[in-house]
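Below, chain A is the first sequence line, B the second, and so on; all start at residue 1.
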Amino acid sequence: MRKFVDRTFVVLSLAATVIILAILFVIIGNIAYHGTERLSWEFITAAPESGMTAGGIFPAIYGTVLLVLLMSLAAVPFGVLVAIYFAEYARPESRLYRWTRMAVNNLAGVPSIVFGLFGLGFFVQSIGKAIDRAAYSGRLVYAQPSILWAAMTMAVLTLPVVIITVEETLRAVPRDYREASLALGATKLQTIFRVVLPQAWSGVMTGAILAISRGAGEVAPVLFTGAAYFLPRLPSHPADQFMHLGYHIWVLTTQSTNVEATKPLLYSTVFVLVVLTFLLNITAILIRNRMRKWAVR
Amino acid sequence: MKTKFRNSERELKPATTFRPNVDPNVVAGVSPRSQFRHAIDRLAEILISGVAFFTIAVIFLIFVYVGKEALPLVWGTSDGATIASPFTGPFTWQPVSTVPKYNVFPLILGTLKVTLIAMLLGTPLALAAALYTAEFAPGRIREWIKPAIELLAGIPSVVLGSFALLVLASWVQDAFGIVYRLNALTAGIALALAIIPIIYTISEDALTAVPRLYREASLALGASKAQTAVRVVFPSAIPGIAAAIILGFGRAIGETMIVLMVSGNSAILSLDPALPVRTLSATIAAEMAEVVVGSGHYRILFFIGTLLFLITAVLNWVGDRFNRRLRERLFGSS
């Protein structure tokens, strides 16, 4: 009897695990199967044509890459500094530590659509307006949705990802390294930037990769901060609007005038986005696993 | 006198390269150079702490700037919307009409309906899988399950949404014989896919954090492996499990793209899961792009955003408290 109950528990929990993995498999399989049907070199390098029922997605790929690069420029240095504060300077009992910790945890839980509203209210309507008033004598340049503001909004959203990943790696650097450096007369600042941080380089990389993967896939924050349905030109100025892979998927699913004609295009676009985010995530997982082994050693 | 690391010297060399950090001309006290270095060090600490403080400012700015756009509702906008309009009048959300109706109850009910379906489906699956990974899975398999489920977390929600729209919606419609292709049930199932990895990861972490001593004591007393898992490990990790469920709930409430794509987006006041629904988040996403900046409708949408921010902030805070309690309970400190 006891053995039977035992077995049931193990089998039930195994069944749940298998169900989740099966769902993952079905989703990926479905997307890979239908997504590769129409996939071609032309699809990746051409612009959408005839009302998004033909052509490719190059402007969306270009816009997404530009967005995540701009985002990383802001989020990574900032996130690394906050992580350094958490791992090297903060005293756990201090008020600043408790509040910053709470702020970062909270930031990670803010719904992405609220970031979109924040980007619109703060970057576009306030900062953008202030820049226009100061530098362009009120002409409308930055006080409208653009790739710059979308990237900044996304940077705020991905900040916790960078902070948490980098902090974990900094903490994994053995204490001996710091003590040896300090014992040799190096200051704390020298120790952090010349001894600890170079050892935690893989963590900075992982943080950046995870942030980029998140930034490439999130749509809600760019809905009203800069993403466009369709643009004839690639963005070339920070105040230009841009096309975004995730946003393009949403446009194809919901705004299409000819569902059957866009369906293969939609599947291929989804496939490209999934491959992109998976490659980034797998790279991050691999780096992290190696890093953990290194930390144990 | 210079204590300078070059990159090539990063592997700390033995004592031969050691130079004392003391100016030989100064017999006692600290040399000016050393004083300068320490001043720089102190300045750096202040600057880095300042950057960290900025994260608090960011949270504050989000609240202020989302709330600020909704603030004019307190004294009423020129087109007649006030802070009371989301809670009064008939239970209808009809912002674009000659007499706009901004009652948010259908949206709140819709959000709760979809979230509840997602939680009911997702929580048992995620918890059982976490229990299996932490307690029963053989070592090698366990190393594969975790990254695989983390991959599910890496799928962008717009991708889950389009999968639900293209494939899942038809399956659900056929299986349950539902009239509407897009409905609360489909949206709930799709949303469950998004929250399973969150609940799984946090609760699995909580279960693995339970010290081995607990398990060994239980096994030594003659309990079986399943009894140990269910009666000893699981209850010890309860605060962490609670945190996982609460944080998953917070994510489900705020999730936008999935519900925007597969919920059907009609603000109907009903408990029937077979009907289309509209959630708070999807309303913002769908209507913000077409709204006139500064209008009553615009303000109400920002008001809904503020509401979402506050709800998730409270849920996060509570989830955090539970996580801290778990660590206090298991390790005696946080």
Toward chain B, the part of [X] with a non-hydrogen atom under 4.5 Å:
X: A:I192; answer: neither
X: A:N106; answer: both
X: A:I285; answer: side chain
X: A:L120; answer: side chain
X: A:N105; answer: both
X: A:L210; answer: neither
X: A:Q125; answer: side chain
X: A:I27; answer: both
X: A:F224; answer: side chain

key: A:V114: which of B:I304, B:I62, B:L307 passes side-chain contact (heavy atoms from CB on, under 4.5 Å)   = B:I62

Rounded distance (nearest 0.5 Å) linking atom [atom1] of [X] with atom [atom2] of [Y]:
X: B:H38; Y: A:T187; atom1: NE2; atom2: OG1; result: 7.0 Å
X: A:L117; Y: B:M288; atom1: CG; atom2: CE; result: 5.0 Å
X: B:L166; Y: A:I31; atom1: CG; atom2: CD1; result: 9.0 Å
X: B:I155; Y: A:F278; atom1: CD1; atom2: CZ; result: 4.0 Å
X: B:L280; Y: A:I113; atom1: CG; atom2: CD1; result: 11.0 Å

message = Using a 6.0 Å cut-off, check whether atom NZ of A:K188 has over 12 heavy atoms from anything other than its own residue.
response = yes

message = Taking side chain as everything from C-beta outward and backbone as N, CA, C, O, which of these in B:L160 sits under 4.5 Å from a heavy atom of chain A? Side chain, backbone, both or neither.
response = side chain

message = Among residues at least two apart in sequence or on other chains, which ones pass side chain to side chain donor-acceptor pair (under 3.5 Å) with B:T228?
response =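 Counting only residues at least two positions away or on another chain, B:T228 forms a side chain to side chain donor-acceptor pair (under 3.5 Å) with B:S218.
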
key: Partners passing side chain to side chain donor-acceptor pair (under 3.5 Å) against B:R142 (at least two apart in sequence or in another chain)   =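 B:R142: no side chain to side chain donor-acceptor pair (under 3.5 Å) contacts found.
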
ask   = So, for A:F118 and B:F309, is the gap between ring centers shorter than 6.0 Å?
value =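 Ring-ring flag for A:F118/B:F309: false, centres at least 6.0 Å apart.
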
